Amino acid sequence: MITILAIDALEYELVERFNCNNLKQRFYGKTDISEFSEPRTMVLWSSFMTGKNMEKEVLALGDKDMWDLTMDINDTFFRSFEDPVVIDLPGLTYDKEQHRIERELLRGFFEADDKQEKDRIKKEYNDHAFTHHRKIKEEFRSAINEGHDLVLGYFSVADVIGHLNFGNTIMMKAIYRDLDEIAGKINGDLCILSDHGMEQIGMFGDHSSYGFWSTSDRDLKNPKITDFMNIICDKR
Amino acid sequence: MEDGYIDIKVKRSLISKLEKGAKESGFYSPDEYASFILEEFLSDDLVEKDAGETAEDESRLKERLKALGYLE
């Protein structure tokens with residue numbers, strides 16, 4: 001079984017700082033996403049799945065509709081596997097309602113006039129994200145014990161929480177430790193990557209201009225996110 | 001402030017460190033040592049303060065989230 005941890009916004013510098021040895025595996029580094037005009041989640045994961053730069057196609061959908069993009073699995077590298085499971089991946093199996101509510105709460109946060117209301121919305125936003133994370137963890141844990149030839153778990157918690165809480169080191173450390181623990185429980189061939197990282201704006205977090213990768217078997221140096229299609233298919 | 005103790009679960013793998021720490025620091029038990037560690041960690045002195053939310057940072061983030069497609 002090949003396992004992929006697709007961790008949105010996993011930041012290389014925090015993996016180092018928090019000593020996340022399971023996330024690092026044997027080889028780790030940064031991905032090259034410089035070919036993209038902005039580190040957009042839907043663009044990057046679509047490009048990961050197809051092995052080609054999907055920026056033009058995804059952006060043509062517009063900011064609202066791009067989040068509802070659902071690709072045909074036959075247009076992705078998952079078609080090369082007999083019995084793949086892909087959990088919550090943007091552009092394929094994304095829980096659209098869950099993530100729509102996240103964006104709605106984000107909008108509400110910016111529109112709120114007073115601090116008390118902002119704090120209330122932020123708490124609701126955080127609770128919503130952590131509840132979803134627990135659900136995904138359970139789904140992932142079940143899937144890796146079912147004998148599939150490929151399991152991909154997409155974890156959005158670092159990105160969602162990071163946008164409003166990146167300056168809260170304790171919270172971010174707890175998230176990274178949790179993700180590290182998830183990685184530590186996987187046996188066999190594991191590939192970990194993120195679409196982009198995160199950089200601090202005061203209390204908040206913006207997408208950084210590189211992603212994270214790690215493997216147990218070879219040094220990928222500075223791969224592009226579009227390289228992972230071949231990297232993963234070569235493992236079959 | 002409430003007195004007394006409650007039970008909290010910790011990972012089994014921590015017990016040897018708690019026992020060692022308690023012994024070396026003069027605490028009567030790993031429970032007492034664990035309480036001390038938690039009190040220190042949660043105190044205002046050691047907990048890293050939030051960076052603080054400024055209007056300027058919020059405005060920057062808002063613009064960035066628009067550029068990334070999160071906000072229409």
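Reckoned from all heavy atoms, side chains included, excluding hydrogens, waters and symmetry mates. What you see is a predicted model; the values in this text were computed from it and never measured. Sequence lines set the chain letters: A, B, ... in the order given, protein chains first and strands last, and positions in each chain run from 1.
- Around atom NZ of B/K17, no more than 12 heavy atoms belonging to other residues, nucleotides or ligands sit under 6.0 Å away.
- Note on A/K64, A/E102, A/R107: by heavy-atom pairs under 4.5 Å with chain B, the leading option is A/K64.
- For A/R103, the CZ atom counts as densely surrounded, since its 6.0 Å shell holds more than 12 non-hydrogen atoms of other residues, nucleotides or ligands.
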Please lay out, stage by stage, how A/E111 and B/K62 fare under the test salt bridge (charged side-chain N to carboxylate O under 4.0 Å, His left out). CA-CA 10 Å; A/E111 287 173 358; B/K62 189 177 175 182; over 6 Å; no
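- Heavy atoms of other residues, nucleotides or ligands lying less than 6.0 angstrom from CG of A/N145 number more than 12.
- Contact of A/H163 with chain B is made through backbone and side chain together, with heavy-atom distances under 4.5 Å.
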Can B/E58 and A/M203 be said to form a side-chain contact (heavy atoms from CB on, under 4.5 Å), step by step? CA-CA 9 Å; B/E58 193 179 306; A/M203 184 58 185; over 6 Å; no
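- Taking CG of B/L65 as the start and CZ of A/F204 as the end, the distance is 9.5 Å to the nearest 0.5 Å.
- With chain B as partner, the option from A/E104, A/K118, A/K115, A/H99 having the largest number of non-hydrogen pairs under 4.5 angstrom is A/K118.
- Rounded to the nearest 0.5 angstrom, A/D206 CG and B/E63 CD are separated by 11.5 Å.
- Contact annotation: the side chain of B/L68 never approaches that of A/T41 to less than 4.5 Å [non-hydrogen atoms, C-beta and beyond].
- Within a 6.0 Å radius of NZ in A/K224, no more than 12 heavy atoms belonging to other residues, nucleotides or ligands are found.
- Taking the six-membered ring wherever Trp is involved, the centroid distance between the rings of B/Y70 and A/H207 falls below 6.0 Å.
- Separating the CZ atom in A/F110 from the NZ atom in B/K66 is a distance of 9.5 Å, to the nearest 0.5 Å.
- Taking all atoms of both residues into account, the shortest heavy-atom contact from B/L61 to A/L164 is CD2-CD2, 4.1 Å.
- Within 6.0 Å of the NZ atom in A/K24, the count of heavy atoms belonging to other residues, nucleotides or ligands exceeds 12.
- Around CG of A/N187, the count of heavy atoms belonging to other residues, nucleotides or ligands within 6.0 Å does not exceed 12.
- Shown here for A/D63 and B/L71, the closest heavy-atom pair between the two residues is OD2-O, 4.3 Å.
- Taking 4.5 Å as the limit, some side-chain heavy atom of B/R64 sits within range of a side-chain heavy atom of A/E38.
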